[in-house]
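Right, one structure below, let's go through it.
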Amino acid sequence: PHRPRRARQVARSQNQRKMSRAQRYPQPPTLARVVWAVASDFRAIPPSNLSSKKLSTDACICGANVRGPCDDHNMKRPKRCRFEPDELSELDAVVPELVRVRAQVNALQARETQLIHGAAQIAGAVESRGEASSRAAELPHREVAAEVGAALRISDRTAQRLMGESNTLIQKFPATFAAFAAGVITRTHANVVADAGAHLPDAAARAAYEATVLPVAERESASRIRSFARIVAERLHPRSFTERHESAAAGRCVRVVDLPDGMAELIATSPAVAAHGVLDRLNRMARSVRDSRARTGAAGEVGVDGCIDAD
């Protein structure tokens with residue numbers, strides 16, 4: 001018999017409630033449920049075990065549907081692609097040539113760093129003949145940076161940064177610069193080594209630091225030696241971390257940077273524990289105000305990461 005429209009809607013909603021979410025919205029299995037494998041051993045696992053979390057990591061699910069509920073294509077074990085002998089021979093010829101070209105590029109970049117250092121030395125000589133004020137001492141470096149930036153088509157700020165990096169690398173880390181000039185390490189390697197060891201106070205500590213880090217930098221990527229270089233620098237520093245922290249905390253300060261549209265930045269340089277505590281407190285206050293306004297229905301602006309408008 002024909003049922004009214006309202007009765008049909010009620011029956012449909014009841015049937016939907018009886019269905020599980022997986023039945024209403026079928027989804028393909030996730031990668032974590034589909035592939036559990038190692039290269040040494042591949043075994044088929046029945047589809048009934050897909051929901052089990054006790055699958056061993058030395059197995060691969062073969063026969064699982066990976067294209068969704070409307071597709072009966074199954075995952076198959078891929079065939080290994082093999083190189084032809086002529087392709088292997090060509091690759092053997094390309095890789096050594098790439099190594100030689102990279103060494104030449106590194107040497108040229110080291111020469112560029114040396115020339116920029118020479119320009120910075122000229123600015124330093126002009127500064128030594130000028131007045132003792134900080135503004136007068138800054139002008140020669142800015143003029144040289146503007147000249148270098150115009151010639152290389154880079155900004156003045158970038159030129160000043162390159163001048164500072166060249167001074168640090170050549171004057172404080174001569175062994176690193178020698179490896180850079182020889183093409184053994186890249187500019188990125190040299191910058192990582194210099195940045196991690198920049199806080200070492202004396203030449204003896206820096207020399208020991210370079211002797212430990214450079215052999216690793218010659219065979220590893222720059223990203224992989226960054227953490228290693230920091231650990232070595234911390235161990236070779238003559239002062240303990242506690243002493244350095246106390247000295248740094250003595251220079252804590254608060255400053256304001258004016259911004260357009262009547263805004264400003266309040267910047268505080270403080271110990272990390274206090275800074276994280278202040279940020280956590282501000283976020284808690286912001287969430288409290290946001291929740292209170294949501295409950296009372298008041299309109300207010302709450303920004304990302306706890307930035308609230310002041311009443």
Side-chain angles (χ1 to χ4, degrees), residues 93-130 134-233 236-237:
V94 167
V95 173
E97 184 64 21
L98 281 174
V99 174
R100 287 192 291 270
V101 171
R102 173 59 65 181
Q104 295 173 2
V105 171
N106 294 338
L108 289 175
Q109 290 179 341
R111 177 57 180 164
E112 180 189 50
T113 301
Q114 192 174 20
L115 293 174
I116 293 176
H117 173 67
Q121 292 295 102
I122 295 174
V126 176
E127 174 191 352
S128 63
R129 297 193 301 268
S134 59
R135 183 175 180 83
E138 183 184 2
L139 287 177
H141 295 276
R142 296 180 62 178
E143 291 178 2
V144 172
E147 186 73 19
V148 172
L152 299 182
R153 295 185 298 277
I154 58 178
S155 66
D156 298 356
R157 295 281 184 175
T158 303
Q160 290 180 358
R161 178 178 58 81
L162 292 176
M163 291 166 60
E165 291 176 353
S166 65
N167 290 338
T168 301
L169 184 61
I170 293 177
Q171 295 177 359
K172 295 185 177 181
F173 299 94
T176 303
F177 178 75
F180 183 26
V184 179
I185 62 175
T186 65
R187 171 181 285 176
T188 307
H189 286 86
N191 290 336
V192 167
V193 173
D195 291 342
H199 65 288
L200 294 174
D202 54 80
R206 290 192 295 268
Y209 163 76
E210 288 182 293
T212 305
V213 174
L214 283 180
V216 181
E218 294 176 1
R219 63 177 184 268
E220 296 289 347
S221 64
S223 59
R224 298 187 69 175
I225 69 169
R226 181 175 284 107
S227 58
F228 173 73
R230 290 175 179 172
I231 294 174
V232 173
L236 292 176
H237 202 287

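What you are looking at is a predicted structure, and each value in this text was computed from that prediction instead of being measured. In what follows, residues are counted from 1 in the order of the sequence shown.
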Could you measure the distance from the CD1 atom of Ile231 to the CG atom of Leu236? Nearest 0.5 Å is fine.
12.0 Å

Are Glu165 and Arg187 close enough for a salt bridge, meaning some N to O gap below 4.0 Å?
no

Give every donor-acceptor pair under 3.5 Å between a side-chain atom in residues 114-127 and any protein atom, sequence neighbours left out.
from, atom 1, to, atom 2, distance (Å)
Gln114, OE1, Arg111, NH1, 3.3
His117, ND1, Asn167, OD1, 2.8
Gln121, OE1, Gln171, NE2, 3.2
Glu127, OE1, His141, NE2, 2.7

Can you tell me how far the CG atom of Leu98 sits from the CZ atom of Arg102, to the nearest 0.5 Å?
9.0 Å

As a quick check of understanding, evaluate side-chain contact (heavy atoms from CB on, under 4.5 Å) for His189 and Phe180, giving each step before the final call.
CA-CA 8 Å; His189 286 86; Phe180 183 26; over 6 Å; no

Between CG of Leu169 and CG of Leu162, what distance do you get to the nearest 0.5 Å?
11.5 Å

Enumerate, atom names and distances included, each donor-acceptor pair closer than 3.5 Å involving a side-chain atom of residues 198-223, sequence neighbours excluded.
from, atom 1, to, atom 2, distance (Å)
His199, ND1, Ala196, O, 3.4
Asp202, OD1, Ala204, N, 3.3
Asp202, OD1, Ala205, N, 2.7
Arg206, NE, Lys172, O, 3.3
Arg206, NH1, Leu200, O, 3.1
Tyr209, OH, Val193, O, 2.7
Tyr209, OH, Gly197, N, 3.4
Glu210, OE2, Ala175, N, 3.4
Glu210, OE2, Thr176, N, 2.8
Glu210, OE2, Thr176, OG1, 2.7
Thr212, OG1, Ala208, O, 3.0
Arg219, NH1, Pro215, O, 3.1
Ser221, OG, Ser223, OG, 3.4

Check whether more than 12 heavy atoms from other residues, nucleotides or ligands sit under 6.0 Å from atom CZ of Arg161, and answer yes or no.
yes

Which pair of non-hydrogen atoms, one from Ala110 and one from Ala181, has the smallest distance, and what is that distance?
CB-CA, 3.4 Å

Between atom CD of Glu147 and atom CG of Asp156, what is the distance when rounded to the nearest 0.5 Å?
10.5 Å

